[in-house]
Structure formats: C-alpha cells, structure tokens
Amino acid sequence: MILGFGDASVAAVVRPGAGALLWHDGVTRRAGDPRIEALGGEAGWRATDGNGLDVVLEPLGGPASFADGTREWLCRVRGTAAGVAVECLGHAVAEAAPGRGWKRPGLGREVAAWLGDDLAVALRARRPSRAKNHEAEEVSGFVWRGDPVGPHPIDDPRLSTAYAGDGVQRRAGLELWETEESEFPLRLAGETVGEGELELAGGLRLRCAFLRWHHGGRVGAGRYDIVRAGA
C-alpha cells in the first residue's frame, strides 16, 4: 500500500520498504521505515514513522480500478506531520502484482491532483514492453466528482511536462477529455514546490515532485512521480 497527502503547507508520500518523503516549509526530507496499518479492511489506513508522522486516511468512497489491477482511493487525511496538524486530502494506492506486459514492473509515471472533496484526478502512464519513449505510453485516468464523490474513467487523458536541466519535472499540465461527448476538456496546471527521490525494489528509483495544482480559481495539491531504472 502507498499513501500520499498534501495541502499548501505540507505534503508526503509513504512507501513501506522504501521510506517516506515529507515536504514542509519549502524543504523535503526523507523519513525511513514508515509503517502502514489497515484500519479494518478498506475502512482506512494509518501511517506512522516514530518521528512525528501519524496520520489516518479515510476513503471518501469506493476506489478507482485501473486495467492493470491497481486500485486508488481518494481520502480525507487527519493527524500530524513535520510537527504540524494535518487536515487535507490524499490517496491510498494498492498496486497491482508485477507484470501485465509492462517493460518493467512499476516503471512509468503517476500523477495525483486533489482540488477538493468534489474534484480530484489520478493518472497512470505505462510503457508496453517494446516501447522506448513517452509517445508510446498507455495513459489511463479517473476523475472524482459528484455527491457523494466517486471515480469516473477519463476517455482521453493527456499529460504534458516541463523539465529542468537536471531532469526533474518542474511544471505539468493535464488536459482531460472525460467522455467522447465532452465539449471542453478539464484542464489543470501544476508547478513543483518540492521534490525528492527514493530507492525502490528491483533497482528502480522514484523521482517524486510535490505539486501545487490550479483549476480555474481553485488551488489544490498532489504529486507527479516518475519511476525509472536505477543508474
């Protein structure tokens, strides 16, 4: 299980076995050996690290189910992190088993944007086994809408990225054609406020960018993760 959350002042990603990245006051630090506890099936999850991280994530509804078997829940998050009280949005991700025809298990890009209880987005981009670049990626995604909020598949999700000279993602744009009948796409723009890296199993590396997302006059939070083979 992977957990993440964020708002204007604090953001985090927690991956047992790899560690955690926590952004606060413009600084990203790494926390080792986080623990995730399931609170009665899919009723919620608690993440702790013994060093000030103690948050509970409560799903706001059922999960989005991706074609590879990955499931993702939009969650309400409460607790403490980096010495401050946390009450924001986030997600819980149950990754699929390795394989399913991808070039490497887990290799690809993942995006999350949380604008409110009534609007959030999740995208996953994966390269088929013979693909060599982003143009061949298979991109799929969901948007959470409604009352009660629930995940709806996006017919044509499009992701654009601007990179810095060091290869770190600095800005991102989403153009989401939710259905074939959509007259206009849902558009979001994000800029990186913090970033960090974790070593994953199998020689992979996670480059995580914490983003501030914008849609109309709304401002939210989220992440843009890139998983690559290690150097």
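Since this is a predicted model, take the numbers as computed values, not measurements.
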Q.
Tell me whether Arg145 at atom CZ has more than 12 heavy atoms from other residues, nucleotides or ligands lying less than 6.0 Å away.
A. yes
Q: Any chance you could pull the hydrophobic cluster mates of Val56, using side-chain heavy atoms under 4.5 angstrom and chaining through other members?
A: Leu39
Q.
So that I can tick it off, tell me whether Arg126 and Glu110 are bridged by a salt bridge, with the cut-off set at under 4.0 angstrom between side-chain N and carboxylate O.
A. yes
Q: Go through the steps to decide whether Val13 and Leu3 satisfy the test side-chain contact (heavy atoms from CB on, under 4.5 Å), and finish with yes or no.
A: CA-CA 6 Å; Val13 57; Leu3 305 181; over 6 Å; no
**Q.** Residue pairs involving residues 1-26 (criterion salt bridge (charged side-chain N to carboxylate O under 4.0 Å, His left out); sequence neighbours excluded)
**A.** Arg15-Glu95
Q | Those residues that, when tested against Glu191, pass salt bridge (Lys or Arg N to Asp or Glu O under 4.0 Å) (two or more places apart) | A | Arg212
Q. Mind checking what makes salt bridge (Lys or Arg N to Asp or Glu O under 4.0 Å) contact with Asp118, not counting sequence neighbours?
A. Arg218
Q.
Here's a test for you: under side-chain contact (heavy atoms from CB on, under 4.5 Å), which of Val111, Leu211, Leu174 qualifies with Leu188?
A. Leu174
Q: Mind checking salt bridge (Lys or Arg N to Asp or Glu O under 4.0 Å) for Arg29 and listing every partner two or more places apart, or none if nothing turns up?
A: none
Q.
Minimum heavy-atom separation for Glu195 and Ala209, please, with both atom names.
A. CB-CA, 4.1 Å
Q) Between Asp156 and Arg158, is the closest basic N to carboxylate O distance under 4.0 Å? A) yes
(Q) Do Leu198 and Trp23 sit in one hydrophobic cluster, given that two such residues count as connected whenever their side-chain heavy atoms are within less than 4.5 Å of each other, even indirectly? (A) yes
Q: Scan residues 49-70 for pairs that pass ring-ring contact (aromatic ring centres under 6.0 Å, His included), counting only residues two or more places apart or in two chains.
A: Phe66-Phe142
